[in-house]
Engineer: 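Sending over a structure as structure tokens; questions will come in a sec.
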Amino acid sequence: MPTVVVTGVSSGIGWGTANVLLQHGFQVFGSVRKSEDADRLSAEWGEAFTPLLFDITDEQAVKLAAAVVRDRLQGQTLFGLVNNAGSAVPAPLIYQPIRDYRQQLEVNLIGPLIVIQAFVDLLGADHQRSGQPGRIVNISSVGGK
């Protein structure tokens, strides 16, 4: 069964992405920041879903989650990584506090890079893994237009 990691699955597009993948027979590892969300989604989706508890800006937590996925893959490649987690601070830039804007950049720009670096070996950069190389899908928002 192909395996995919999706970040930010507790609601919205991430929830919808994970739900569709599960309906199509994928094993889904989904990141959430709250244990309550992990419990809720595990009950909702069953054994084909494995929650990963991390914030995408926390390098150590992301690396630990990648180790969990690595162990479960048993030498196979990861079919895909969907970078979905993100945040929005809806206000004109001239009125945004710099600390809020910096946090938004951490989540929306640095966070996906942290996740990619943690999972890239599982996607096939490690040539010792068997299977086709996986794909990375980065989701953005139309709010950025």
Engineer: Do you reckon Ile136 sits in the same ILVMFWY cluster as Val20, going by side-chain contacts under 4.5 Å, direct or chained?
Structural biologist: no
Engineer: So Val6 and Phe29, do their side chains get closer than 4.5 Å, heavy atoms only?
Structural biologist: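 In short, these two side chains do not touch, never coming nearer than 4.5 Å.
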Engineer: Working to the nearest 0.5 Å, report the span between CG of Asp37 and CD of Glu44.
Structural biologist: 10.5 Å
Engineer: Kindly indicate, with the supporting measurements, whether the criterion side chain to side chain contact (heavy atoms under 4.5 Å, CB included) is fulfilled by Ser31 and Val9.
Structural biologist: CA-CA 6 Å; Ser31 81; Val9 300; 5.9 Å; no
Engineer: May I ask you to check whether over 12 heavy atoms, not counting those of Arg33, lie within 6.0 Å of atom CZ?
Structural biologist: no
Engineer: Using a 6.0 Å cut-off, check whether atom CZ of Arg40 has over 12 heavy atoms from anything other than its own residue.
Structural biologist: yes
Engineer: Side chains of Gln27 and Arg72: does their closest heavy-atom pair fall under 4.5 Å?
Structural biologist: yes
Engineer: Quick check: are there more than 12 heavy atoms from other residues, nucleotides or ligands sitting under 6.0 Å from CZ of Phe79?
Structural biologist: no
Engineer: Contact between Asn83 and Ile56 at the side-chain level, heavy atoms closer than 4.5 Å - yes or no?
Structural biologist: no
Engineer: Flag yes if more than 12 heavy atoms outside Glu47 fall under 6.0 Å of its CD atom; otherwise flag no.
Structural biologist: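 No.
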Engineer: Drop me the distance from Leu41's CG to Asn19's CG, to the nearest 0.5 angstrom.
Structural biologist: 9.5 Å
Engineer: Distance only, no hydrogens: is a donor on one side chain within 3.5 Å (strictly under) of an acceptor on the other, for Ser87 and Gln104?
Structural biologist: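 Per modelled atom types, Ser87 and Gln104 side chains form no pair under 3.5 Å.
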Engineer: Please find the pair of heavy atoms, one from Ala66 and one from Leu122, that lie closest to each other, and give the distance.
Structural biologist: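 Minimum heavy-atom separation between Ala66 and Leu122: O-CD1, 3.6 Å.
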Engineer: Kindly indicate whether the side chain of Phe26, heavy atoms from C-beta on, has any atom under 4.5 Å from the side chain of Thr3.
Structural biologist: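 No. Closest side-chain heavy atoms not under 4.5 Å.
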Engineer: Can you tell if the side chain of Leu93 reaches within under 4.5 Å of the side chain of Tyr101, non-hydrogen atoms only?
Structural biologist: yes
Engineer: Quick one, Thr77 and Leu123 - any side-chain contact, counting heavy atoms below 4.5 Å?
Structural biologist: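 Heavy-atom side-chain distance check fails, nothing below 4.5 Å.
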Engineer: As an exercise, state the distance from NE2 of His127 to CG of Asp121, rounded to the nearest 0.5 Å.
Structural biologist: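 Separation between the atoms: 9.5 Å.
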Engineer: Can you check whether Val4 reaches Leu81 side chain to side chain, under 4.5 Å on heavy atoms?
Structural biologist: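 A side-chain contact under 4.5 Å is absent here.
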Engineer: Would a single hydrophobic cluster contain both Val62 and Val107, if residues Ile, Leu, Val, Met, Phe, Trp and Tyr are joined by side-chain heavy-atom contacts under 4.5 Å?
Structural biologist: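 Yes, because Val107 and Val62 connect within a single hydrophobic cluster, where side-chain heavy atoms sit under 4.5 Å apart.
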Engineer: Working to the nearest 0.5 Å, report the span between NZ of Lys63 and CD of Gln117.
Structural biologist: 8.0 Å
Engineer: Measure from the side-chain N and O atoms of Gln96 to the backbone N and O of Ala91, and report whether any donor-acceptor pair falls under 3.5 Å.
Structural biologist: yes
Engineer: For the side chain of Arg129 and the backbone of Gly124, is there at least one donor-acceptor N/O pair under 3.5 Å apart?
Structural biologist: no
Engineer: Stepwise, does the side chain to side chain contact (heavy atoms under 4.5 Å, CB included) test hold for Val5 with Leu78?
Structural biologist: CA-CA 8 Å; Val5 171; Leu78 186 62; 3.9 Å; yes
Engineer: With hydrophobic residues grouped by side-chain heavy-atom distances under 4.5 Å, do Val28 and Val82 end up in a single group?
Structural biologist: yes
Engineer: Is Ser42 close to Phe49 at the side-chain level, that is, under 4.5 Å between some pair of heavy atoms?
Structural biologist: yes
Engineer: Roughly how far, to the nearest 0.5 Å, is the NZ atom of Lys34 from the CG atom of Leu53?
Structural biologist: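 Leu53 CG to Lys34 NZ: 11.5 Å, rounded to 0.5 Å.
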Engineer: Please report the interatomic distance CG(Asn138) to CG(Asn108), rounded to the nearest 0.5 Å.
Structural biologist: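 Atom-to-atom, Asn138:CG and Asn108:CG are 11.5 Å apart.
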Engineer: Grouping I, L, V, M, F, W and Y whenever their side-chain heavy atoms are under 4.5 Å apart, do Ile114 and Val120 come out in a common cluster?
Structural biologist: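 No, because Ile114 and Val120 fall into different hydrophobic clusters, even though each may have its own neighbours under 4.5 Å.
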Engineer: Any luck finding a side-chain donor-acceptor pair between Gln23 and Trp45 under 3.5 Å?
Structural biologist: no
Engineer: Whether the side chain of Asn84 engages the backbone of Ile139 through a donor-acceptor N/O pair (distance < 3.5 Å, no angle test) should be reported.
Structural biologist: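 Not confirmed, Asn84 side chain does not pair with Ile139 backbone.
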Engineer: Checking Leu64 against Phe54 for the side chain to side chain contact (heavy atoms under 4.5 Å, CB included) test, could you report, in this order, the C-alpha distance in whole Å, the side-chain angles of both residues, the deciding distance, and whether it holds?
Structural biologist: CA-CA 9 Å; Leu64 288 172; Phe54 66 81; over 6 Å; no
Engineer: Taking all non-hydrogen atoms of both residues into account, name the closest pair between Ala85 and Thr7 and its distance.
Structural biologist: N-OG1, 2.9 Å
Engineer: Side chain to side chain contact (heavy atoms under 4.5 Å, CB included) for Leu52 and Val32? Distances and angles first, verdict last.
Structural biologist: CA-CA 6 Å; Leu52 300 171; Val32 295; over 6 Å; no
Engineer: Please check if Val115 and Ile110 belong to a single hydrophobic cluster, counting links between Ile, Leu, Val, Met, Phe, Trp and Tyr side chain heavy atoms closer than 4.5 Å.
Structural biologist: yes
Engineer: Would you say that more than 12 heavy atoms from the other residues, nucleotides or ligands in this model lie under 6.0 Å from the CD1 of Ile13, or not?
Structural biologist: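 No, not enclosed.
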Engineer: Are more than 12 heavy atoms from other residues, nucleotides or ligands located less than 6.0 Å from atom CD of Gln132?
Structural biologist: no
